[in-house]
Amino acid sequence: MRFNPLFAVTSLAITGVIANPLTINVDTTTLFNKDLSADNHYGAPIPPWAPNHKPGWYYGTSNLCQDLLCLNEIICSILNLLPLNYLHCPAQPLHNPSSTGDGYTQTFSGLTGAIEADDYLTYGLVDTVAECKAMCNSVSGCVFVNTYHDVNGKVGGSTQLTCALFSMCHSSSDANNDGGQTQSDGSINYIVDSDGWCKNNKVD
């Protein structure tokens, strides 16, 4: 995905001058080729259990930037200028999570089904569970993360985790997405290594 950071910063600056001081009108479709607002599920309007879904973003260090919006340092510096109802990057440094006391309690692990629920917020790709939790901490209203491998016919498989974010906590009883979607190569996707994590203050 081609992106001009100078154009983006200039556009934000001009918009900020024209707009009311208390309101910033931003067209992220112009800046990033997608709507990154909360109303559009932060770039992933179709949930991962529905046909034709695509991740809205990638937070990690692999070279996936041609196909996805990579939340690297430049992109994050721009996103963090936007109002709170747009996608923001985690405050903590990438790949430097706390090893203990991260504020989450695991509700299930190792399932072959992923969460399918109406309180879906957004989803993207990450390299680690810690990165998914960091994304949840940066998305308004997020209290639950579901990480899993969506095995979808890619050559050699994919090392990235799907990171789906929700506004309510969930148990294994909601893990009804077991794949079953036909891919472009004729294969059928399936779910493995599905883990759920709820913020501590939201656990019943």
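Along the sequence shown, residues are numbered consecutively beginning with 1. A quick note: this is a predicted structure, and the numbers were derived from the prediction, not measured.
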> Between T105 and N200, is any side-chain donor less than 3.5 angstrom from a side-chain acceptor?
Replying inline: yes
> Do the rings of F108 and F144 sit parallel, tilted or perpendicular, given the 30° and 60° boundaries?
Replying inline: tilted
> Between the side chain of D119 and the main-chain N/O of S167, is any donor-acceptor distance below 3.5 Å?
Replying inline: yes
> Does N137 reach the main-chain N or O of P90 with its side chain, forming a donor-acceptor pair under 3.5 Å?
Replying inline: no
> Of the non-hydrogen atoms in A134 and Y59, which two are nearest, and what is the gap between them?
Replying inline: CB-CE2, 4.3 Å
>> For a quick test of reading the model, state the closest non-hydrogen atom pair linking V143 to Y104 and the distance between them.
In response: O-CE2, 4.4 Å
> Okay, side chain of K54, backbone of I46: is any donor-acceptor separation there less than 3.5 Å?
Replying inline: no
> Can D35 and S37 be counted as having a side-chain donor-acceptor contact under 3.5 angstrom?
Replying inline: yes
>> Can you give me the closest heavy-atom contact between A44 and P55, atom names plus distance?
In response: CB-C, 4.4 Å
>> Looking at L121, is its backbone amide N or carbonyl O close enough to the side chain of H41 to form a donor-acceptor pair, meaning the two atoms are under 3.5 Å apart?
In response: yes
> What orientation do F166 and H170 show, parallel under 30°, tilted 30 to 60°, or perpendicular over 60°?
Replying inline: perpendicular
>> Main chain of Y148, side chain of S194: is a donor-acceptor contact present, judged purely on distance under 3.5 Å?
In response: no
> Does L165 reach the side chain of C132, with side-chain heavy atoms less than 4.5 Å apart?
Replying inline: yes
> Looking only at heavy atoms, which two atoms of L71 and C89 are closest? And how far apart?
Replying inline: CB-SG, 3.9 Å
> Does the Y42 side chain pair with the main chain of V139, one donor and one acceptor, at a distance under 3.5 Å?
Replying inline: no
> Going through the checks in order, is the side chain to side chain contact (heavy atoms under 4.5 Å, CB included) test met by H88 and N80?
Replying inline: CA-CA 5 Å; H88 282 229; N80 289 338; 3.5 Å; yes
> N85 versus S140: any side-chain heavy-atom pair under 4.5 Å?
Replying inline: no
>> A side-chain contact here means heavy atoms from C-beta on lying under 4.5 Å apart; do D178 and E116 qualify?
In response: no
> Side-chain heavy atoms under 4.5 angstrom apart, residues restricted to Ile, Leu, Val, Met, Phe, Trp, Tyr: same cluster for M168 and W197?
Replying inline: no
> Should M135 and T122 count as side-chain neighbours, where that means a heavy-atom distance under 4.5 Å?
Replying inline: no
> Taking the side chain as C-beta and beyond, is there a heavy-atom pair between D193 and D195 under 4.5 Å?
Replying inline: no
>> Does the plane of the ring in W49 sit parallel, tilted or perpendicular to the ring in Y120? Use 30° and 60° as the thresholds.
In response: perpendicular
> Looking at I115 and S171, what are the two nearest heavy atoms and their distance?
Replying inline: CD1-O, 3.7 Å
>> Treating D127 as the side-chain partner and T61 as the backbone partner, does any N or O pair qualify as donor plus acceptor under 3.5 Å?
In response: yes
>> Which residue is it: I191, T162, V192? I am looking for the one with a side-chain contact (heavy atoms from CB on, under 4.5 Å) to H149.
In response: V192
>> If you apply the rule side chain to side chain contact (heavy atoms under 4.5 Å, CB included), what do you find for D150 with H53, and how did you get there?
In response: CA-CA 12 Å; D150 184 352; H53 64 87; 4.1 Å; yes
> CG/L111 to CG/N177 distance, rounded to the nearest 0.5 angstrom?
Replying inline: 12.0 Å
>> Is there a side-chain contact between W57 and L36 in this structure, where contact means two heavy atoms from C-beta onward sitting under 4.5 Å apart?
In response: no
>> Using every non-hydrogen atom in the two residues, find where C136 and K199 come nearest and quote the distance to one decimal.
In response: SG-CE, 3.9 Å
> Any side-chain heavy atom of Q160 sitting closer than 4.5 Å to one from V126?
Replying inline: no
> So do the side chains of T28 and N40 get within less than 4.5 Å of each other, counting heavy atoms only?
Replying inline: no
